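Below: the structure, in structure tokens.
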Amino acid sequence: MLDVLGTLERTNTCGELQAGNVGESVVLMGWVAKKRDFGVFTFIDLRDREGVTQVVVSEETAREAHAKAKGLRGEFVIAVKGEVVARDEGAKNTKLPTGDIEVKVSEILVLNDANVLPFQLEVAGSENLAAEDTRLKYRYLDLRRPQLQHNIRTRAKAVAAIREYFDERGFIEIETPILLKSTPEGARDFVVPSRIHTGKFFALPQSPQILKQLTMISGFDKYYQIARCFRDEDLRADRQPEFTQLDMEMSFAHQEMAYREMQGMFNHIFAKVGGISLPAEWPRMTYAEAMRRYGSDKPDLRFGMELVDLSGELAGTDFAPFASVLESKGEIKCIVAKGKADYSRKQLDELQEFVKRYGAGALAWIKAVEPEGGSGSDGGWVLTSSLLKALGEEKIADLAKAAGVEKGDLVLIVAGRKSVVAASLGALRIEIAKRENLIDRAAYKPLIVTEFPMFEHDEETDRYAAAHHPFTSPMDEDLEKFKTAVNDESQHHLLGEVRAKAYDAVINGYECAGGSIRIHQKDVQALNFKALGMSTESARVQFGFFLDALEYGTPPHGGFAAGIERTCMILCGTENIRDVMAFPKTASAQDLMMDSPGDVDGAQLKELGIAISD
RNA sequence: GGGGUCGUAGUUCAGUUGGUUAGAACGCCAGCCUGUCACGUUGGAGGUCGCGGGUUCGAGCCCCGUCGGCCCCGCCA
């Protein structure tokens, strides 16, 4: 028989009572986290979102409550009335903030019972959590875990800090529609059928890009929004089909102003939420430099192990695989794993398999090891290498020197197309850092990456696509080159060299924000559509309203969007985006709790004029 | 679309060369217990070995297929 709450109110949460509260009469409410029954008295760990407080029910002093306590089970919801009493020295629990006291119960109200949980919330050893699919099915239970409670609240604080930052600086929060129109550029759209306009569809925003630019044309000057975005693409550990961005835009703005706001916003969030102070001025790196030194446009600066170019040393080599790579304008680069010359054949095979995922043909290596029979007292060392036969001792020594090898080091070499070398060595660098624990978990290393390329070359179609989005402005310095590339068919390849006023904010190897200064002049915009192989007509069909808008007095403007989840992942120290979302989906974009996506009623489909084939 | 990996009790896992009745811990149920906080203790219940097919005298284990979780490549302007 359950009790009713009536007008009873709690006086305290389960996380706040301390020695100073001894003697107070209190009412606590929460979940039974644990019960320890000693016959004549019973301990209950009562949990709410703020913590755990031990309450004790004695048969001697509270006969009725004690009888009720007998029937309590895990996760029952109860209210207890009682008195805060000090625990005896030796009976204190130093693991709990409330461990100096306990509540001596006079009355228990059983507000609700609970089925036995399908998995245990907290397990000894803490890492033996139930399988994630089980926890996702009962997400509301998993969310009771203190860790997830903390993450979700951290996220709330981060969003609050963002609003605080932009409100204070005169930005106006403007909501934009969720029901938009599909455009062919970019990610696959989620699509919503229109009932009133049978056969037509809305699309959910991949980002509010065009709308935020329109707020600039509308004269709001400074806009921001915490915007939900939707992309129907395959998922990753840091990607969900729907996610949240801080979206901002400002008028009369150049890059430096955007950098300032990116730094300012993240610095505010990290200080406010995590007590972490990031540098007032973030280091900067061009895209080209980041790719050259780290093989990534989002380098993790918490450790070194930079890429070293060996192409110079290998120029004119007879070794056919390297010669052909250099001939076709590829690269040969390496990283040096300090002190890892003891890697086994098996480990090196694993690493080779790892880089092959990124298109690398092979992974060559050089080891600086003790000579057979020991190095003696002079500490000498010799080089061994998978390339010894192919290149000879002298050349291996040259390479080792170029790589800056010392005794005990392992050099890992990849040759191939520039994009393959960068991707494979960039990923290998991170893989080794993880394996060898080279990453300082307490460090936060932000970076602004600048001068992104304007276009990406698609090797299969030999076409150029917008690297950022089709409204990104080219750099002033590259404007002439841009015009030449577009207008002179024979110079089309120059598009690959045009840099954009596009930039990213990177923290600890995560792309946390990205943005650009936009094109605000119609002739440049027209040029860009042409560069992208879009005819005037098709550009009009897709973006006509926007092109019109650009012609009614568009101020220079730009901004950025920041990933709320990725930012929170860093703040929460997790590598899993689901840890910072209340109700996430699986890697196959399903919600295991509500079992979505689901079927819809035939009548519903009929009303929409939709028939399912197959 | 492709690759890797996992799937055995409610949960986390073990399960040898294919061989009798598939085990452990936690949880659960019942009892005992005056200071626990990973309480202790006695007893008990609990299994479609993801699913389907095959090989075999015999399959949790081998083979084929399939479903699902996670991670990665492609993809994500």
Side-chain angles (χ1 to χ4, degrees), chain A residues 33-46 52-56 58-60 70 73-75 85 87-96 98-99 102 104 115-138 141 183-189 206-207 209-210 229-241 243 350 353-360 420 423-424 427 430-431 452-456 458 460 464-472 500 502 511 514 516 528 532 561 563 575-576 578 585-588 590 592:
Chain A
K34 197 83 188 176
K35 188 180 79 166
R36 290 178 294 278
D37 185 353
F38 283 79
V40 295
F41 62 89
T42 298
F43 296 107
I44 295 161
D45 288 342
L46 192 62
V52 172
T53 299
Q54 174 167 283
V55 305
V56 58
S58 165
E59 185 173 35
E60 213 172 296
K70 278 263 178 234
R73 297 288 179 269
E75 300 304 309
V85 298
R87 296 207 209 174
D88 290 338
E89 211 59 46
K92 292 181 177 175
N93 184 347
T94 51
K95 290 181 209 157
L96 284 181
T98 60
E102 62 194 6
K104 193 174 158 75
N115 293 338
V116 174
L117 264 45
F119 59 92
Q120 290 160 253
L121 297 186
E122 297 284 0
V123 201
S126 80
E127 284 312 308
N128 290 339
L129 291 173
E132 195 167 4
D133 49 348
T134 307
R135 289 184 286 125
L136 283 172
K137 183 173 177 186
Y138 301 96
L141 298 179
T183 56
E185 290 276 331
R188 211 172 280 122
D189 285 314
Q206 298 169 22
S207 83
Q209 183 59 40
I210 289 180
C229 304
F230 307 85
R231 293 178 190 173
D232 188 6
E233 296 292 348
D234 289 347
L235 309 179
R236 287 289 188 283
D238 63 348
R239 284 185 351 212
Q240 283 269 307
F243 60 99
E350 274 175 25
E353 285 310 305
F354 181 83
V355 295
K356 280 183 174 176
R357 298 209 293 253
Y358 299 87
V420 167
S424 51
I430 292 167
E431 174 67 14
F452 271 77
M454 183 98 170
F455 302 98
E456 278 167 3
D458 184 332
E460 282 182 15
Y464 287 87
H468 190 54
H469 58 64
F471 313 111
T472 305
E511 179 196 327
S516 63
N528 200 19
L532 295 169
E575 295 190 343
N576 185 334
R578 294 179 296 277
K585 292 176 177 60
T586 66
S588 62
Q590 279 184 296
L592 297 180

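Only a predicted model underlies this, so the values are computations on that prediction, with no experimental measurement involved. Letters A, B, ... are given to chains in the order of the sequence lines, protein chains preceding strands, and every chain is numbered from 1.
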Please list, pair by pair, any protein nitrogen or oxygen found under 3.5 Å from a nitrogen or oxygen in nucleotides 40-43 of chain B.
none

Which part of the nucleic acid does [X] contact within heavy-atom distance under 4.0 Å: base, sugar-phosphate only, or nothing?
X        : value
A/Pro470 : base
A/Ala465 : nothing
A/Gln206 : nothing
A/Ala427 : nothing
A/Lys92  : base

Original post:
Quick one: which of B/rG10, B/rC76, B/rC37 gets closest to the side chain of A/Gln120?
Top reply: B/rG10

Original post:
Quick one: which of B/rA30, B/rG35, B/rG10 gets closest to the side chain of A/Arg73?
Top reply: B/rA30

Subject >> Euclidean distance for P, B/rG65 against B/rG4 (whole angstrom) >> reply: 12 Å

**OP:** Confirm from the modelled atom types if A/Arg36 and B/rC33 form a donor-acceptor pair under 3.5 Å, side chain to base only.
**Re:** no

**OP:** Evaluate whether atom NZ of A/Lys35 has more than 12 neighbouring non-hydrogen atoms of other residues, nucleotides or ligands under 6.0 angstrom away.
**Re:** yes

Subject >> Atom pair distance, as rounded to whole Å: CD in A/Glu350 and P in B/rU5 >> reply: 11 Å

Provide a list of protein-nucleic acid N or O atom pairs under 3.5 angstrom, restricted to nucleotides 68-74 of chain B.
unit_1, atom_1, unit_2, atom_2, d
B/rG69, OP1, A/Thr586, OG1, 3.2
B/rG69, OP1, A/Ser588, OG, 2.6
B/rG69, OP1, A/Gln590, OE1, 3.4
B/rG69, OP2, A/Ser588, OG, 3.4
B/rC70, OP1, A/Ala587, N, 3.1
B/rC70, OP2, A/Ala587, N, 2.9
B/rC70, O3', A/Arg578, NH2, 3.0
B/rC71, OP1, A/Arg578, NH2, 3.0
B/rC72, OP2, A/Ala237, N, 3.0
B/rC72, O2', A/Arg357, NE, 3.1
B/rC73, OP2, A/Arg236, NE, 2.8
B/rC73, O2', A/Arg357, O, 3.4
B/rG74, N7, A/Arg236, NH2, 2.7
B/rG74, O6, A/Arg236, NH1, 3.0
B/rG74, O6, A/Arg236, NH2, 3.4
B/rG74, N1, A/Asp234, OD2, 2.7
B/rG74, N2, A/Asp234, OD2, 3.2

Original post:
Can you tell me the Watson-Crick or wobble partner of B/rU20, both distances under 3.5 angstrom?
Top reply: none

Subject >> With sequence neighbours excluded, residues passing salt bridge (Lys or Arg N to Asp or Glu O under 4.0 Å) with A/Lys34 >> reply: none

